[in-house]
**Q** 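Right, I'll just put the structure down here and ask away after.
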Amino acid sequence: MSDDPNTDTDTAPSSTSTINSKALQARELEWAVNSAALEERHAATNGPIIRTRFPPEPNGYLHIGHAKSMNMNFSLAFQKLNVAPEHRRTIFRYDDTNPDAESPEYIDSIRRDLDWLGWTPERTTYSSDNFQILHDFAVKLIRKGLAYVCDMTGPEVKLQRDLALRRVKAKNVGQDPDEVAPIPSPDVLPGRNRNTSVQRNLQMFERMRLGMYDEGQYTLRLKMDFESDNPNMYDLVAYRIKYTSHPHAGRGWCIYPAYDFTHGICDSLEDIDYSICTLEFEVRREPYFWILWALDLYRPKVYEMSRLNIEYTVLSKRRLIKLVTNNYVRGWDDPRMPTVSGLRRRGYTKDILNSFCNDVGASRAENLVEMEKLFSTARLHLSQTSRRAMAVLDPIKVVITNFDEEVANIKQKGNGNDKNNESDMTFEVQNSPTDPSLGSHTITLTKVIYIDASDFRLEDNSTYYGLAPNKAVGLKYYGGNLICNKVIKNNNNGIAEIQCTLQSRDEGTKPQSYITWVPENGIPCEIRVYNHLFAVTEPSDRWEEELNPNSEIVYPKAMVDPSVREVVDAKNVNKWTSNVALQFERFGYFVVDIDTTYDSKSNNGALVFNRTVSLREEKEKKQLTNKEEQENAKRRLKQQADKEAKEIKMKIASVDLFKLAPEYEGKYSKFNDEGIPTHLVDGTEVTKSAMKKLAKEQMKHKKALANHNKTKK
């Protein structure tokens, strides 16, 4: 559960409970104070209702961080505030202000994910439905002299803001800004357009709306405060020109409002009480409230919580898009992706995700959540709902040479089960060892069976409990032993077949372990075993190099016992719902994948399973194949090397990065005062564009150093 003392999930407050107004407090600003008239109007509209909103931008698929946000906005925030259930309202809003990045596919997927997770919004809205109102508010700001049309280019604006920030920093430490960061020209700061007339700006903004200018030629900027400590107050862009059709609003507009201008206004228009976002938006507080102040609109309370950070994962939308477009994964719903669609396809249910988000909670403390926390939550839920079956990932054929003799012995002793078939080797198995309501199924031992390659070795040792030549091991559900007598190899020196004999329980010693198996009529299938997407716990700026090459291991010739035949039919598989989950004994929890085309009636078509999570006890008991052991060893070595390299790098000051960091060793011979290389080792000058890239790398290292030192404290 959350470590926030305001969280209370045990009891629901009554309708007469007092709102805990201190629960979601954050930094206060003078612009955030509402007038008595605004407060009175808001109270008259909402009454006892407390309203939040969930406002994703439809520029990608929702990920597990959004699941945490939904949990906060639809549930946990109200619990923290002590709001009675009947007074809770949450609006689901598409924050759709950037048509270049948005699409109907994303809009549809977001809605489906919200529904699947079980959240019911008060209503669904679109920021784009307010385009006319937003436009009119922009005109109002122009009339008040608080907005102007600007022709400064992107590089010019960056130079302007950098200069303003340098001057503010100088002033804050008692230095003269005119000496430290002199203004070369009023055209730079405050800018050549800032003090133009209201009439000129009204005319030009109208021409922007009519499509009379090129994209990027003009923007509408807000006349804010170049002397603020917060760079987000340096005349933000409110509108830009884009000749792109909008996926929801259509072709009616060629100017689009920016996020910072839009979301606060929409919050106010929708009578939101609490605008909840993640901590990186904390610096957007000033512009959020300044815009509402300038328009004399109601100012909701704003609360920033820490974003969800999970081991071995990236949640940056930009990086997720790159994973898809660069074909590192199968798509947005790849089971390795942290998207809601990917997690659903991997077998995580809504109950698992919502329970996980509840346990993680919401506070302002930054932390890295262990992936094992999600895995443990999944095991807890799946162990209660999944039926058991036997499967083999990498099958080895086993011929039981005394099979007929053992069947005859069983019949002679009268040990046959009334439900047995002609072989008297059919066993009834409970679908769940703890929940009889899940029923049972039967499994038949046949003369030819298949065991997993991980359960057989040519060379035995004292710590290995699987099958080996001249060794007995227990056979699950049969009750007796399986003894390996002969190994037949193929032309490639691989194992073609193992010849074994059965040994009844009263004839042999009790085995140290039992192995699972699949009968001869097992269903061929493909099993995909998923591991971490990244080989390091915290992917860095070089995240593409840190992808785990073994994040997906495919077993194309796997087999599953035929008892699952009726429940794995393709007609029951849907990408937008949770599909059938099974526990493959000793291997973990698996779910039927959407690539399945299997028809249970004809017993034809592809059957595909994804591993959701391994069994906890499997770590100690399961013997890996040589290939898996080698891959794990390589991965451990790489992880250790990466960790050591990071520790070394975190001891290097940013000014010495290109002199001392191992990856830059021997590359450069000369450096400027900031430590940026100016010459290669052979004396060649480093180009300006290359120096800019290196400066960015240095800045990334500087930020990483700051975060590292902060964490250690």
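If you're wondering where the values come from, they're calculated on a predicted model, not measured in any experiment. For this chain, numbers begin at 1 and follow the sequence in order. Excluded from the calculations below are hydrogen atoms, water molecules and symmetry mates; all remaining heavy atoms, backbone and side chain alike, are included.
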**Q** Relative to the ring of Tyr106, is the ring of Trp332 parallel (under 30°), tilted (30 to 60°) or perpendicular (over 60°)?
**A**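 Trp332 and Tyr106: perpendicular rings.
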
**Q** Suppose the criterion is salt bridge (Lys or Arg N to Asp or Glu O under 4.0 Å): which pairs have a residue in residues 139-155, not counting sequence neighbours?
**A**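 Every pair satisfying salt bridge (Lys or Arg N to Asp or Glu O under 4.0 Å) with a residue in residues 139-155: Asp151-Arg192.
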
**Q** With sequence neighbours excluded, give me every salt bridge (Lys or Arg N to Asp or Glu O under 4.0 Å) pair touching residues 47-74.
**A**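 Every salt bridge (Lys or Arg N to Asp or Glu O under 4.0 Å) pair that includes a residue of residues 47-74, provided the two are not neighbours, is Arg51-Glu122, Arg53-Asp267.
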
**Q** Among residues at least two apart in sequence or on other chains, which ones pass ring-ring contact (aromatic ring centres under 6.0 Å, His included) with Phe289?
**A**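 For Phe289, no residue satisfies ring-ring contact (aromatic ring centres under 6.0 Å, His included) once neighbours in sequence are set aside.
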
**Q** Using salt bridge (charged side-chain N to carboxylate O under 4.0 Å, His left out) as the criterion, list what pairs up with Asp225, not counting sequence neighbours.
**A**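 For Asp225, no residue satisfies salt bridge (charged side-chain N to carboxylate O under 4.0 Å, His left out) once neighbours in sequence are set aside.
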
**Q** How long is the span from the CG atom in Leu533 to the CE atom in Met337, to the nearest 0.5 Å?
**A**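 If I round to the nearest 0.5 Å, the distance is 8.0 Å.
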
**Q** With a 4.0 Å cut-off, would you call Arg285 and Glu304 a salt bridge?
**A**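 Yes.
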
**Q** Out of Tyr256, Phe205, Tyr218, Tyr148, which one pairs with Tyr239 under the ring pair (Phe, Tyr, Trp, His ring centres under 6.0 Å) rule?
**A**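 The passing option is Phe205.
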
**Q** Rounded at 0.5 Å granularity, tell me how far NZ in Lys688 sits from OG1 in Thr678.
**A**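 Between Lys688 NZ and Thr678 OG1, I get 13.0 Å after rounding to 0.5 Å.
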
**Q** Okay, side chain of Asn46, backbone of Asp271: is any donor-acceptor separation there less than 3.5 Å?
**A**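 Side chain of Asn46 to backbone of Asp271: a pair is present.
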
**Q** For Leu38, which residues count as a side-chain contact (heavy atoms from CB on, under 4.5 Å) partner, sequence neighbours excluded?
**A**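 Partners of Leu38 under the side-chain contact (heavy atoms from CB on, under 4.5 Å) test: Asn34, Ser35, Arg41, Asp296, Tyr298, Arg299.
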
**Q** Could you go through Arg240 and Asn98, starting from their C-alpha distance and side-chain angles, then the distance that decides it, and tell me whether this counts as side-chain contact (heavy atoms from CB on, under 4.5 Å)?
**A** CA-CA 10 Å; Arg240 65 275 201 221; Asn98 184 10; 3.9 Å; yes

**Q** Checking side chain to side chain donor-acceptor pair (under 3.5 Å) against Ser127, which of Thr262, Asp95, Thr97 comes through?
**A**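 Considering Thr262, Asp95, Thr97, a side chain to side chain donor-acceptor pair (under 3.5 Å) with Ser127 is found only for Asp95.
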
**Q** Report the C-alpha separation of Trp290 and Leu146 in whole Å, then their side-chain angles, then the decisive distance to 0.1 Å, and conclude whether the side-chain contact (heavy atoms from CB on, under 4.5 Å) test is met.
**A** CA-CA 11 Å; Trp290 184 93; Leu146 294 177; 4.1 Å; yes

**Q** When rounded to the nearest 0.5 angstrom, what is the spacing between CG in Leu202 and CD in Gln199?
**A**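 The CD atom of Gln199 is 6.0 Å from CG of Leu202, to the nearest 0.5 Å.
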
**Q** State the OG-CZ distance between Ser75 and Arg88, to the nearest 0.5 angstrom.
**A**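 Answer for the OG-CZ pair, Ser75 versus Arg88, is 6.0 Å.
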
**Q** Ignoring hydrogens and angles, state whether a donor on the side chain of His701 or Asp541 is under 3.5 Å from an acceptor on the partner side chain.
**A**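 Judged by distance alone, the side chains do not pair up.
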
**Q** Tell me, which pairs form a salt bridge (Lys or Arg N to Asp or Glu O under 4.0 Å) where one or both residues lie in residues 172-182, sequence neighbours left out?
**A**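 Only Arg167-Asp178 qualify under salt bridge (Lys or Arg N to Asp or Glu O under 4.0 Å).
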
**Q** State which residue, out of His246, His135, His248, fulfils the ring pair (Phe, Tyr, Trp, His ring centres under 6.0 Å) condition with Trp253.
**A**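 When ring pair (Phe, Tyr, Trp, His ring centres under 6.0 Å) is applied between Trp253 and each of His246, His135, His248, only His135 qualifies.
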
**Q** Is any NZ, NE, NH1 or NH2 atom of the basic residue among Asp162 and Arg166 found under 4.0 Å from an Asp or Glu carboxylate oxygen of the other?
**A**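 No.
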
**Q** Just by modelled atom types, is the Pro58 backbone N or O under 3.5 Å from a matching donor or acceptor in the Glu102 side chain?
**A**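 Here the side-chain-to-backbone pair does not exist.
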
**Q** If the condition is side-chain contact (heavy atoms from CB on, under 4.5 Å), which residues does Asn354 pass it with, not counting sequence neighbours?
**A**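 Only Leu117, Trp119, Lys350 meet the side-chain contact (heavy atoms from CB on, under 4.5 Å) criterion with Asn354.
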
**Q** Should the ring pair Tyr94 and Tyr126 be called parallel, tilted or perpendicular, given that the plane angle runs from 0 to 90° and is split at 30 and 60?
**A**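 It falls in the parallel class, under 30°.
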
**Q** More than 12 foreign heavy atoms under 6.0 Å from CD of Gln203: is that the case here?
**A**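 Buried by this count: over 12 neighbours within 6.0 Å.
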
**Q** Just list the side-chain donor-acceptor pairs under 3.5 Å for residues 168-175, sequence neighbours left out, or say none.
**A**
residue, atom, partner, partner atom, Å
Asn172, ND2, Val168, O, 3.4
Asn172, ND2, Asp229, OD1, 3.0

**Q** Would you check, one step at a time, whether the test side-chain contact (heavy atoms from CB on, under 4.5 Å) holds for Asp214 with Ile241?
**A** CA-CA 7 Å; Asp214 294 334; Ile241 302 169; over 6 Å; no

**Q** Applying salt bridge (charged side-chain N to carboxylate O under 4.0 Å, His left out), can you list everything that pairs with Glu544, at least two apart in sequence or on another chain?
**A**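 So Glu544 forms a salt bridge (charged side-chain N to carboxylate O under 4.0 Å, His left out) with Lys322.
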
**Q** Which value, rounded to the nearest 0.5 Å, describes the distance between Ile272 atom CD1 and His42 atom NE2?
**A**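 The distance works out to 8.5 Å.
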
**Q** Test of understanding: with ring-ring contact (aromatic ring centres under 6.0 Å, His included), list the residues that count as partners of Phe78, not counting sequence neighbours.
**A**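 Partners of Phe78 by the ring-ring contact (aromatic ring centres under 6.0 Å, His included) criterion come out as none, since no residue qualifies.
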
**Q** Checking side-chain polar atoms at under 3.5 Å, does Thr90 have a donor or acceptor matched by the opposite partner on Asn73?
**A**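 No, no side-chain donor-acceptor pair sits under 3.5 Å.
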
**Q** Around atom CZ of Arg27, are there more than 12 heavy atoms from other residues, nucleotides or ligands closer than 6.0 Å?
**A**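 Counting other residues, nucleotides and ligands, CZ of Arg27 exceeds 12 neighbours.
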
**Q** Restricting to side-chain contact (heavy atoms from CB on, under 4.5 Å), what partner residues turn up for Pro48, sequence neighbours left out?
**A**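 For Pro48 the side-chain contact (heavy atoms from CB on, under 4.5 Å) partners, ignoring immediate neighbours, are His87.
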
**Q** Could you work out, with side-chain contact (heavy atoms from CB on, under 4.5 Å) as the rule, every residue matching Ser109, not counting sequence neighbours?
**A**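 Only Tyr61, Trp576 meet the side-chain contact (heavy atoms from CB on, under 4.5 Å) criterion with Ser109.
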
**Q** Could you grab the distance from atom CZ of Arg200 to atom CD1 of Ile142, nearest 0.5 Å is fine?
**A**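 Rounded to the nearest 0.5 Å, the CZ-CD1 separation comes out at 10.0 Å.
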
**Q** Within the distance-only criterion (no hydrogens, no angle test), does the side chain of Thr219 pair as donor or acceptor with the backbone N or O of Arg221 below 3.5 angstrom?
**A**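 Such a contact is absent between Thr219 side chain and Arg221 backbone.
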
**Q** Has the side chain of Thr52 got a donor or acceptor atom that lies under 3.5 Å from a matching backbone atom of Tyr274?
**A**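 Not a single qualifying donor-acceptor pair exists.
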
